[in-house]
Amino acid sequence: MNHRTRIKICGLTREQDLAAAVAAGADAIGFVFYAKSPRYVTPLRAAELIATLPPFVSAVGLFVNATEEEVASTVAVAPLSLLQFHGDETVVNCNAAAARVNRPFLRAMRIGSATVAADLIEYDFDYRSGSRLFAGLLLDTLVDGYGGSGKVFDWSLIPEELAPQVVLSGGLSVQNVTDAVVRVRPFAVDISSGVEQEKGIKDPAKIHAFIEAVRRADAVID
Ligand SMILES: O=C(O)c1ccccc1NCC(=O)[C@H](O)[C@H](O)COP(=O)(O)O
């Protein structure tokens with residue numbers, strides 16, 4: 001079987017960075033609607049950027065503790081195909097917002113030093129049983145500012161049975177992603193800091209090198 005790890009590049013703000021990510025083979029582009037983030041884009045700006053995407057590249061909208069109304073008004077402007085909830089939202093909050101706009105969603109689970117494997121299994125069960133629109137867990141590193149930290153967490157925490165459904169995130173880079181994919185075998189990987197010149201400004205060469213490294217790992221797995 002040809003293993004193909006999906007790839008999300010997050011926190012894009014410029015047309016040239018989208019073009020570089022698409023040319024390199026990204027499967028999804030993440031847009032940050034969290035105003036405190038240096039990678040923040042308005043719904044209108046996201047719509048302009050999404051208009052440059054070719055078919056079959058997903059537009060993911062990232063929210064942190066947004067209200068249902070904020071999610072609905074964002075999706076009314078920016079044609080997102082997938083939502084990502086990255087704050088302290090509950091299952092009920094995520095499900096209500098996703099159902100309001102009828103979009104599937106990723107739930108970011110932020111992993112810290114006290115997290116154990118059973119927490120991941122319980123979290124996945126809570127969301128899988130709580131919403132037909134739950135599309136999976138995005139596993140990220142627990143930090144103060146919610147995400148986009150450039151810091152890794154302990155990948156050995158990820159239960160083998162969950163790995164094929166998770167999006168692995170948090171501090172990935174061209175240096176560590178081959179090891180991450182071979183060890184964890186996630187459905188997808190997600191990156192922001194590791195492909196940047198500065199926050200919100202991506203580096204086309206780093207994007208290309210990262211995606212090449214993921215493809216090398218896929219070849220090892222096959
Ligand atoms: O990217 C941000 O600025 C951000 C701010 C607040 C919440 C989440 C945020 N990003 C979420 C993502 O999906 C990032 O890609 C993920 O946290 C990984 O980031 P990095 O460790 O920089 O690769």
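Atoms within a ligand are numbered from 1 in the order they appear, just like the ligands themselves. Predicted model only: the values in this text are computed from it and were never measured.
- In terms of N/O distances under 3.5 Å, ligand 1 is not approached by Y34.
- R185 places no side-chain N or O within donor-acceptor distance of the main-chain N or O of P164, the cut-off being under 3.5 Å.
- Each of R39, E198, K151 was checked for a side chain to side chain donor-acceptor pair (under 3.5 Å) with S193, and the lone residue meeting it is R39.
- Here the heavy atom of the protein found nearest to atom 19 (O) of ligand 1 is G148 CA, 3.3 Å.
- Between F134 and D126 the shortest side-chain heavy-atom distance does not fall below 4.5 Å.
- Taking a cutoff of 4.0 Å between a charged side-chain nitrogen and a carboxylate oxygen, E69 and R100 qualify as a salt bridge.
- Here the side chains of W155 and L168 are in contact, with some heavy-atom distance below 4.5 Å.
- The closest approach between Q84 and ligand 1 falls below 4.0 Å for a heavy atom of the residue.
- For N93 (side chain) and T90 (main-chain N/O), a donor-acceptor pair under 3.5 Å exists by modelled atom type.
- The ligand atoms of ligand 1 that sit less than 4.0 angstrom from a heavy atom of I191 are 23 (O).
- Interface of G145 with ligand 1, defined as ligand atoms under 4.0 Å from a residue heavy atom, comprises 6 (C).
- Per-residue contacts place S169 under 4.0 angstrom from the following atoms of ligand 1 (heavy atoms of the residue considered): 16 (C), 18 (C).
- Looking only at heavy atoms of the protein, atom 2 (C) of ligand 1 is closest to R39 NH1, 3.2 Å.
- In this structure, K8 has a heavy atom closer than 4.0 Å to ligand 1.
- Atom numbering of ligand 1 starts at 1 in the shown order; those under 4.0 Å from a heavy atom of G171 are 20 (P), 21 (O), 23 (O).
- In this structure, the protein non-hydrogen atom closest to atom 22 (O) of ligand 1 is S193 OG, 2.4 Å.
- Classification of the Y127-F105 ring pair by plane angle, with boundaries at 30° and 60°, yields perpendicular.
- The N/O atoms of D190, backbone and side chain alike, include one that comes under 3.5 Å of an N/O atom in ligand 1.
- The closest approach between any non-hydrogen atom of G150 and ligand 1 is below 4.0 Å.
- When only non-hydrogen protein atoms are considered, atom 11 (C) of ligand 1 lies nearest to L62 CD1, 3.0 Å.
- When only non-hydrogen protein atoms are considered, atom 23 (O) of ligand 1 lies nearest to S192 N, 2.9 Å.
- Using a 4.0 Å cut-off between heavy atoms, C10 contacts ligand 1 through its side chain alone, with no backbone atom that close.
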ask   = Are E15 and R45 close enough, and set up right, to give a salt bridge (Lys or Arg N to Asp or Glu O under 4.0 Å), and what steps lead you there?
value = CA-CA 10 Å; E15 283 80 357; R45 179 64 181 132; 2.7 Å; yes
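- N65 places a side-chain N or O within 3.5 Å of a backbone atom of D88 that can act as its donor or acceptor partner.
- Protein heavy atom closest to atom 17 (O) of ligand 1, with residue, atom name and distance, is D140 OD2, 2.5 Å.
- With hydrogens and angles ignored, the 3.5 Å screen pairs no side-chain donor or acceptor of D124 with any backbone N or O of I121.
- At least one donor-acceptor pair closer than 3.5 Å links the side chain of S173 to the backbone N or O of Q175.
- The G170 neighbourhood of ligand 1 comprises atoms 18 (C), 21 (O), with distances under 4.0 Å to a heavy atom of that residue.
- Only the side chain of V64 comes within contact range of ligand 1, with a heavy atom under 4.0 Å; no backbone atom does.
- Of all the heavy atoms in V91 and G130, the pair that sits closest is CG1-CA, 4.0 Å.
- Distance from atom 5 (C) of ligand 1 to its nearest protein heavy atom, with residue and atom name: G147 O, 3.8 Å.
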